[in-house]
Engineer: 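Have a look at this one before I ask anything.
Computed from a predicted structure; not experimentally measured.
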2 protein chains.
Amino acid sequence: MARPLSLVRLHRPTLGDDVYETLRSAVLEHILAPGDRVNIDALARELDVSPTPVREALARLESEGLLRKRPRAGYTVSPLLTVAEFNDMFDMRLLLECAAARWAAERATDEQCEELTAEAARTVEGGDDRTWHAAFTALDARLHDLVAELSASPLLRESINRLHSHLHLHRRYFPYDQTAITNDEHRVLAAAIRDRDPGRAEAAMRLHLIRARERHLVAFEE
Amino acid sequence: MARPLSLVRLHRPTLGDDVYETLRSAVLEHILAPGDRVNIDALARELDVSPTPVREALARLESEGLLRKRPRAGYTVSPLLTVAEFNDMFDMRLLLECAAARWAAERATDEQCEELTAEAARTVEGGDDRTWHAAFTALDARLHDLVAELSASPLLRESINRLHSHLHLHRRYFPYDQTAITNDEHRVLAAAIRDRDPGRAEAAMRLHLIRARERHLVAFEE
DNA sequence: AGTTCGTAGATCCTATAGGATCTTTCCTGG
DNA sequence: CCAGGAAAGATCCTATAGGATCTACGAACT
């Protein structure tokens, strides 16, 4: 007999899952900075757990590309991307996220379009630089994930999320003074999808990403 | 002082790495079949190792999507794709591999084109069904990976390889009697790339993939 | 016959310990 | 001063053990 989906959720996460989430956040929030050594025993002591769940969590994070492992010499946080890698990533973003926008315009339900429009209308105001920046990047990430969800392609959504993990390492270098323009670009994109115009949706996403690339590249020159 | 790259390779793989490779092959070769329970203790006994490296290897394979984990209830091999998932995967293949063909036509060196042409000229002959089939699927995978390599986008190549791991679960159902047509399609693709014609390369890859989709879908109807 | 409950055994998860390997520091010789 | 070697300490890796949880089976009840 098939297990009802709601009962699948009754499995509590293991300690290893908790360690994974903790470490993943630490990497994405630069508490563990790009290039840092990741000391298994020290982490186990700090988290007050044994090394076994730490090792499992690290193995997962390595498979996801956030950490690098040298056999018998341990793990380091993956470095920030070189300019070449960064450009490769944006080429991939253009490929994947333009497709997501196009497919979303073709496939999204009316309810989903309403949700996307509401999300694109959100702005972030106030707070100090750090909390404001965190809120903005969360908002941006949520909108992009929503578009990927509306594409109705789970594999595409997963690929985009995987790319975003790497991009997230760079987000702290995002220039703050470009966010109003970004908000406008989000709204143009959402309108094209709501209007069921794949061509316009793709063009809006392309423009948004090309602009985002330029904004990020400034940080490489500093 | 920076460590010379050649010395990085002197790190021998760990037992955990060996277990990972063994299990990955077991999944891709259906020795561990889709849907099978994966028993940690039994595997450790069978491989004559402790459970710790087994657990790490399993965590990595789960991150890659080849296994599924339920906390405290263990792992199973990911099931064969449903028709919907299969179609999603081919939509993704069309998106990624057509881009790879286009970029390869724009970016490959002359030497790389010679290598691709030679690879596309290869055929597999003789042997019993099982060894013949394994050799053909290896040849097909190698050609697709070579196109991805010639795209000069590491992220694209990695995404394609990730997709192929999943496709590989279905390869044993590939209809044997379509391989001569597949070989022809490979050669048309290689010629378009060698001729530096992105449009033709993309069209050749698209045709090849659409045909491959049809060939595979036959297996779902049986 | 079907359902529910309890128990036993299997399996999963994590802690601990010990050996192998790496890294860092210090000393010696040129 | 610099380079090489040795030793000590830190870290990584894996095995083992024990407790928690799950699964399967049998018995009892309706």
Engineer: How about A:Arg162 and B:Ser159: does a side-chain donor come under 3.5 Å of a side-chain acceptor?
Structural biologist: no
Engineer: D:dT21 P sits how many Å from B:Asn39 CG, rounded?
Structural biologist: 19 Å
Engineer: Calculate the interatomic distance between A:Asp41 atom CG and D:dT14 atom C1'; express it in whole Å.
Structural biologist: 13 Å
Engineer: Please report the distance, rounded to the nearest Å, between CG in A:Leu58 and P in D:dT11.
Structural biologist: 14 Å
Engineer: Could you give the NZ-to-P distance, from B:Lys69 to C:dC12, as a whole number of Å?
Structural biologist: 12 Å
Engineer: Looking at B:Arg107 and A:Asp91, does any basic side-chain N land under 4.0 Å from a carboxylate oxygen?
Structural biologist: yes
Engineer: Hey, are A:Glu119 and A:Arg122 close enough for a salt bridge, meaning a charged N less than 4.0 Å from a carboxylate O?
Structural biologist: yes
Engineer: Can you tell me the distance, in whole Å, between the CZ atom of A:Arg70 and the C1' atom of D:dC12?
Structural biologist: 12 Å
Engineer: Do B:His164 and B:Asp145 come close enough that some side-chain heavy atom pair is under 4.5 Å?
Structural biologist: no
Engineer: Compare the minimum distances between each of D:dC12, C:dA15, D:dA15 and the side chain of B:Pro53, then state the nucleotide with the smallest one.
Structural biologist: D:dA15
Engineer: Rounded to whole Å, how long is the line connecting atom CZ of B:Arg37 with atom P of D:dC22?
Structural biologist: 12 Å
Engineer: Near DNA chain C, under 4.0 Å by heavy atom, which residues of residues 43-52 of chain A?
Structural biologist: A:Val49, A:Ser50, A:Pro51, A:Thr52
Engineer: With a 4.0 Å cut-off on heavy atoms, is A:Val38 in touch with a base, just the backbone sugar-phosphate, or nothing at all?
Structural biologist: sugar-phosphate
Engineer: Ignoring backbone atoms, test whether B:Arg55 places a side-chain nitrogen or oxygen under 4.0 Å from the OP1 or OP2 oxygen of D:dA15.
Structural biologist: no
Engineer: Which whole-number value in Å describes the distance from B:Ile40 CD1 to D:dA20 P?
Structural biologist: 18 Å
Engineer: Expressed as a whole number of angstroms, how long is the span from A:Arg12:CZ to D:dA20:C1'?
Structural biologist: 9 Å
Engineer: Quick one: on DNA chain C, does A:Arg72 or A:Asp17 contact a more 5' nucleotide (nearest heavy atom)?
Structural biologist: A:Asp17
Engineer: May I have the list of side-chain donor-acceptor pairs in residues 51-60 of chain A shorter than 3.5 Å, sequence neighbours left out?
Structural biologist:
unit_1  : atom_1 : unit_2  : atom_2 : d
A:Arg55 : NE     : B:Glu56 : OE2    : 2.6
A:Arg55 : NH2    : B:Glu56 : OE2    : 3.4
A:Glu56 : OE2    : B:Arg55 : NE     : 2.6
A:Glu56 : OE2    : B:Arg55 : NH2    : 3.3
A:Arg60 : NH1    : A:Asp17 : OD1    : 3.0

Engineer: Please examine the side chains of B:Arg93 and B:His208, heavy atoms only from C-beta on, and report whether any two atoms are closer than 4.5 Å.
Structural biologist: no
Engineer: Can you tell me how the ring of A:His186 sits relative to the ring of A:His144, calling it parallel under 30°, perpendicular over 60° and tilted otherwise?
Structural biologist: perpendicular
